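A short worksheet on the structure shown next.
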Amino acid sequence: MGCQFKAGRFRGRSVLCLDADQLREGLGHYRDNDIDVLMLLLDDVDEVAQLEILREYPGIRGISITGGDCDIAPLAELTRLEILVLGDFRGELDLGRHPALHTFYACHSGTILWPPRMEALRKLHLYTELGQLPSLKELPECPDLRVMVLDGGELTALDGIERFPNLEMVGLKNLRKLADFSALRKLRSLDTLNIVNCPLLRPPAEPRHFGHVRHLQYRCSPELLAEVCAPPREPQQP
């Protein structure tokens with residue numbers, strides 16, 4: 001029985017959904033039929049050899065890799081990438097090789113090398129990567145950044161977020177040590193603020209506490225609030 005591929009269109013792009021072991025056959029099928037694959041969705045990638053064939057397709061503009069824990073070295077050849085979505089990965093990811101990148105989602109387990117400036121970046125979602133960032137000042141300048149979601153990590157404040165003056169939406173999730181979000185008042189373009197499971201933050205009385213914010217969502221699980229607010233345990237007697 002031949003291999004079956006899931007394909008379709010997404011925002012005007014040719015989208016191909018493949019398991020990693022179908023990659024060579026799937027891409028070959030579309031090249032043989034003169035179809036450009038601009039967005040590639042990969043699942044269950046766990047070996048660098050499975051991605052080596054991507055070097056033969058430098059025109060791919062978007063790629064999403066989920067499942068597994070892969071070495072993403074071959075992605076360095078995809079210098080025209082505009083969309084990059086990564087689950088756990090190994091090795092180094094040099095974002096300086098992707099100057100056209102406008103959407104970047106990453107779950108951190110490898111090393112991200114940030115260039116000083118990312119002109120095209122508009123959407124940034126980081127999961128646990130913030131554990132290695134002392135502050136948001138460590139991120140590159142992104143003059144056109146409109147959406148930032150920070151999920152997990154050790155941040156205690158948002159100092160440095162004013163470096164992204166065009167932010168329209170900020171999401172703060174699972175930041176258990178974040179206790180100060182006053183820096184958000186400096187974002188005059190901020191329209192939407194979502195706060196999820198950040199137990200040290202208390203919602204303002206109304207969105208206008210942050211100037212131009214019109215949409216405010218605050219959610220925190222009762223279990224997490226109880227854990228943070230519980231009095232410290234007394235040491236047990238031997």
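This chain uses plain numbering: 1 for the first residue, then up along the sequence. Computed from a prediction, not measured in an experiment: that's the story for all the values here.
Grouping the Ile, Leu, Val, Met, Phe, Trp and Tyr side chains by contacts below 4.5 angstrom, directly or via other members, places L75 with I112. Under the 4.5 Å side-chain heavy-atom criterion for grouping Ile, Leu, Val, Met, Phe, Trp and Tyr, F181 is connected to L216 within one hydrophobic cluster.
With hydrogens and angles ignored, the 3.5 Å screen pairs a side-chain donor or acceptor of Y218 with a backbone N or O of L201. For E162 (side chain) and G160 (main-chain N/O), a donor-acceptor pair under 3.5 Å exists by modelled atom type. Formation of a donor-acceptor pair under 3.5 Å by the D151 side chain with backbone atoms of N174 is not found in this model.
Considering all non-hydrogen atoms of both residues, P99 and A120 come closest at O-CB, 3.7 Å. In terms of heavy atoms, L175 sits closest to P199 at O-CD, 4.4 Å. When all heavy atoms are compared, the tightest approach of P58 to R80 is O-CD, 3.8 Å. Taking both residues in full, the closest heavy atoms of L158 and A183 are given as O-CB, 3.6 Å, listed atom of the first, atom of the second, then distance. In terms of heavy-atom proximity, C220 sits nearest to N197 at CA-OD1, 3.4 Å. When every heavy atom of R163 is checked against every heavy atom of P165, the shortest pair comes out as O-CD, 3.2 Å.
Using a 30° and 60° split on the angle between ring planes, W114 and F104 fall in the perpendicular class, above 60°.
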Exercise for the section: Show your working on side-chain contact (heavy atoms from CB on, under 4.5 Å) between L54 and I63 and close with a plain yes or no. Expected result: CA-CA 10 Å; L54 294 179; I63 189 166; 3.6 Å; yes

Practice task
Would you check, one step at a time, whether the test side-chain contact (heavy atoms from CB on, under 4.5 Å) holds for K173 with N194?
Solution key: CA-CA 8 Å; K173 301 181 179 181; N194 294 332; 5.6 Å; no

Practice task
Could you walk me through whether M118 and L124 pass side-chain contact (heavy atoms from CB on, under 4.5 Å), step by step?
Solution key: CA-CA 11 Å; M118 298 183 72; L124 176 63; over 6 Å; no

Practice task
Using the side-chain contact (heavy atoms from CB on, under 4.5 Å) rule, take T103 and H125 through it: C-alpha gap first, then chi angles, then the decisive distance, then the call.
Solution key: CA-CA 8 Å; T103 300; H125 292 227; over 6 Å; no

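Annotation: the span from L84 atom CG to I72 atom CD1 amounts to 8.0 Å, rounded to 0.5 Å. Considering NZ of K123 and CE of M169, their distance stands at 10.0 Å, rounded to 0.5 Å. Rounded to the nearest 0.5 Å, atoms CZ (R122) and NE2 (H102) are 8.5 Å apart. Note: D159 CG to L136 CG = 8.5 Å, rounded to the nearest 0.5 Å. The CG atom of L126 lies 10.0 Å from the CG atom of L155; values are rounded to the nearest 0.5 Å. In this structure, the separation between CG on L172 and CD on Q217 is 11.5 Å, given to the nearest 0.5 Å.
Between L95 and L121, the closest side-chain pair of non-hydrogen atoms is not below 4.5 Å. Contact check for L167 versus L145: side-chain heavy atoms found under the 4.5 Å cut-off. Using a 4.5 Å cut-off on side-chain heavy atoms (C-beta onward), L139 and F164 make contact.
L81 pairs in a side-chain contact (heavy atoms from CB on, under 4.5 Å) with only one of the listed residues (I83, T79, L78), which is L78.
Salt-bridge annotation for R117 and E119: present, with a side-chain N of the basic residue lying under 4.0 Å from a carboxylate O of the acidic one.
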